[in-house]
Amino acid sequence: MSGTSEGLTPPEDAAKPVRHPDAPQPGEPLGSHYEHCFGCGGAQPHGLHLEARAGEGVSVTAEFTVKPAHQGAPGLAHGGVLATALDETLGALSWLLRGIAVTGRLETDYVRPVPVDTVLFLDAEVTAVHKRKIYCRATGRIGGPNGPVAVRAKGLFIKVEVDHFTRNGRAEDIDAAMSDPDTVRRTRAFEVNP
């Protein structure tokens with residue numbers, strides 16, 4: 001990744017990220033923010049079913065297993081699926097900031113092929129915050145959390161309000177999420193980039 005990627009380098013006056021005092025504790029599972037999310041939702045039969053945990057500072061770790069439905073070339077993960085795993089992991093960082101953010105830009109580097117049935121170990125961190133912009137990076141490794149790098153990304157997320165989703169989402173899905181009697185699930189449906 002180029003350190004000068006337009007839009008992905010924080011300005012000089014960007015702030016260091018600060019973990020919200022009510023953020024999940026390090027090691028705590030973050031769970032699915034929405035059961036129909038392709039990245040983390042359990043209701044998606046061919047989704048990633050990515051499992052993220054809060055890390056130290058403003059970081060998260062995650063894992064997902066590449067299934068046959070995720071392949072591009074025979075026996076290998078599709079590059080778009082790997083980008084989705086990175087995006088989902090970066091999106092989970094919003095839970096540590098206790099805000100809502102969506103992907104503004106994602107730059108992905110593919111370092112080595114990821115075979116089907118491989119567990120991809122991901123880690124992500126916020127590197128800077130400037131006004132509504134959240135700068136972050138993620139790495140995906142195979143063979144374990146310290147294994148060889150397979151993919152990495154830099155991301156720019158933009159803080160939004162919940163009306164971003166209610167104005168732009170499909171009405172029946174928004175209505176279903178908003179009418180959920182479980183207030184925690186109702187709130188979490190809009191916490192992370194869907």
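Residues take their numbers from the sequence shown, with the count starting at 1. Computed from a predicted model, the values in this text were never measured in an experiment.
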Donor-acceptor contacts under 3.5 Å from residues 67-86 side chains, at least two apart:
unit_1	atom_1	unit_2	atom_2	d
H70	ND1	K67	N	2.9
H70	NE2	H46	O	3.0
H70	NE2	G47	O	3.2
Q71	OE1	G75	N	2.7
Q71	NE2	P68	O	3.1
H78	ND1	G80	N	2.8
T84	OG1	G80	O	2.8

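- Donor-acceptor pairing under 3.5 Å is lacking for the side chains of T61 and D123.
- Separating the CZ atom in F157 from the CG atom in L93 is a distance of 7.5 Å, to the nearest 0.5 Å.
- The salt bridge (charged side-chain N to carboxylate O under 4.0 Å, His left out) pairs that include a residue from residues 10-31 number zero, where partners must be two or more places apart or lie in different chains.
- A search for side chain to side chain contact (heavy atoms under 4.5 Å, CB included) contacts involving E56 returns P26, not counting sequence neighbours.
- Of all the heavy atoms in R105 and L8, the pair that sits closest is CG-CD2, 4.0 Å.
- You'll find the side chain of V151 reaches within 4.5 Å of the side chain of L120, heavy atoms only.
- The line from CD of E125 to CG of L90 is 10.0 Å long, rounded to the nearest 0.5 Å.
- Contact record, A54 with L96: CB-CD2, 3.9 Å, taken as the closest heavy-atom pair.
- Here the closest non-hydrogen pair linking V114 and A150 is CG2-CB, 3.5 Å.
- Considering every non-hydrogen atom in both L106 and A153, the closest pair reads CD1-CB, 3.8 Å.
- The side-chain heavy atoms of V129 and Y135, taken from C-beta on, include no pair separated by under 4.5 Å.
- Side-chain atoms of R152 do not come within 3.5 Å of backbone N or O of T139 as any donor-acceptor pair.
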List the steps and the verdict of side-chain contact (heavy atoms from CB on, under 4.5 Å) for V60 and R53. CA-CA 6 Å; V60 297; R53 292 185 176 273; over 6 Å; no
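- Considering only residues two or more places apart in sequence or on other chains, L97 meets the side chain to side chain contact (heavy atoms under 4.5 Å, CB included) condition with V58, V126, I134.
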- Could you walk me through whether V160 and R132 pass side-chain contact (heavy atoms from CB on, under 4.5 Å), step by step? CA-CA 8 Å; V160 297; R132 293 180 49 221; 4.0 Å; yes
Open item on the list: Please evaluate residues K133 and I158 with respect to the criterion side-chain contact (heavy atoms from CB on, under 4.5 Å), reporting the C-alpha separation (whole Å), side-chain torsions for both, the decisive distance (0.1 Å), and the verdict.
Closed with: CA-CA 5 Å; K133 295 179 178 180; I158 309 298; 3.9 Å; yes
List the steps, then state whether side-chain contact (heavy atoms from CB on, under 4.5 Å) holds for L122 with L50. CA-CA 10 Å; L122 300 125; L50 187 131; 3.9 Å; yes
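- Counting heavy atoms from C-beta on, the side chains of R112 and I142 come closer than 4.5 Å.
- Residues satisfying the side chain to side chain contact (heavy atoms under 4.5 Å, CB included) test with N146, not counting sequence neighbours, are none.
- Annotation: side chain to side chain contact (heavy atoms under 4.5 Å, CB included) contacts of V119 (sequence neighbours excluded): E63, T65, F121.
- Across all non-hydrogen atoms, the minimal contact from C136 to T127 is N-OG1, 3.9 Å.
- Note that the CZ atom of R137 and the OG atom of S59 stand 11.0 Å from one another [nearest 0.5 Å].
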